[in-house]
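Not measured: the values here are computed from a predicted model. Numbering of residues begins at 1 and proceeds along the displayed sequence.
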Amino acid sequence: MMGFSKKRFFITLGLSIGVWVVSNFIQLLNANYWPQGFSLLGSSCTVTGYPIALCLPPYDRIKILLIYLANITVWFWVIHLFWTWFDKRTVPPEK
């Protein structure tokens with residue numbers, strides 16, 4: 001499975017979902033989205049998180065879900081690549 005164990009896959013997936021949730025809060029608190037009609041009482045805008053940060057109307061459910069999936073996938077690969085890079089740096093070279 002892509003060169004790593006199931007345990008590492010699920011840990012990376014969990015971390016990527018966690019980073020994506022944090023990015024949603026960061027995007028929500030970003031001052032650029034308040035003037036576009038976002039309100040805490042009525043959701044006139046659905047934020048998607050980073051790296052594809054959009055403010056979409058709630059009736060575009062398919063588009064919102066696809067962007068969620070794309071964002072989680074990007075975070076998964078970023079975490080996977082950093083994890084692989086740090087693993088290679090910590091392993092002593094073979095003689």
Side-chain angles (χ1 to χ4, degrees):
M1 183 190 303
M2 293 184 275
F4 50 90
S5 67
K6 286 183 183 180
K7 180 181 177 182
R8 180 169 166 194
F9 172 79
F10 287 116
I11 290 172
T12 307
L13 182 62
L15 286 173
S16 63
I17 291 171
V19 169
W20 170 71
V21 168
V22 169
S23 76
N24 274 324
F25 285 115
I26 292 170
Q27 182 189 8
L28 181 63
L29 296 175
N30 188 353
N32 294 334
Y33 289 99
W34 292 107
Q36 293 182 2
F38 177 82
S39 68
L40 293 174
L41 300 175
S43 61
S44 60
C45 172
T46 302
V47 294
T48 58
Y50 291 108
I52 304 172
L54 297 174
C55 186
L56 299 172
Y59 56 82
D60 282 341
R61 293 195 186 269
I62 300 295
K63 191 174 184 180
I64 291 168
L65 291 176
L66 288 174
I67 292 173
Y68 285 172
L69 183 62
N71 284 340
I72 291 170
T73 303
V74 167
W75 286 118
F76 178 88
W77 283 108
V78 167
I79 292 170
H80 171 66
L81 292 174
F82 275 116
W83 194 334
T84 304
W85 185 65
F86 282 115
D87 270 352
K88 287 183 181 178
R89 293 186 71 204
T90 58
V91 174
E94 295 181 22
K95 292 184 180 183

Nearest heavy atoms of P51 and N71, plus distance in Å
CD-OD1, 3.3 Å
Over all heavy atoms of both residues, which pair between S23 and Y50 is shortest? Give the atoms and the distance, please.
OG-N, 3.1 Å
Co-members of the apolar cluster containing I62 [side chain, <4.5 Å]
L66
Rounded to the nearest 0.5 Å, what separation is found between the CD1 atom of I64 and the CG atom of L56?
5.0 Å
Once the angle between the rings of F76 and H80 is folded into 0 to 90°, is it parallel (under 30°), tilted (30 to 60°) or perpendicular (over 60°)?
parallel
Partner set under side-chain contact (heavy atoms from CB on, under 4.5 Å) for L65, not counting sequence neighbours:
Y68
Report the distance from atom CG of D60 to atom CG of L54, rounding to the nearest 0.5 Å.
10.5 Å
Which pair of heavy atoms, one from I52 and one from A70, lies closest together, and at what distance?
CD1-CB, 3.9 Å
Run the side-chain donor-acceptor check on residues 14-22: report pairs under 3.5 Å with partners two or more places apart or on a different chain.
| from | atom 1 | to | atom 2 | distance (Å) |
| --- | --- | --- | --- | --- |
| S16 | OG | T12 | O | 3.2 |
| S16 | OG | L13 | O | 2.7 |
| W20 | NE1 | T48 | O | 3.0 |

Evaluate the criterion side-chain contact (heavy atoms from CB on, under 4.5 Å) for residue pair V74 and I72; output intermediate values, then yes/no.
CA-CA 5 Å; V74 167; I72 291 170; over 6 Å; no
Determine whether a donor-acceptor pair (N or O, by modelled atom type, separation under 3.5 Å) exists between the side chain of Q27 and the backbone of V47.
no
Under 4.5 Å between side-chain heavy atoms, hopping through other hydrophobics if needed: is there a path connecting F9 to L81?
no
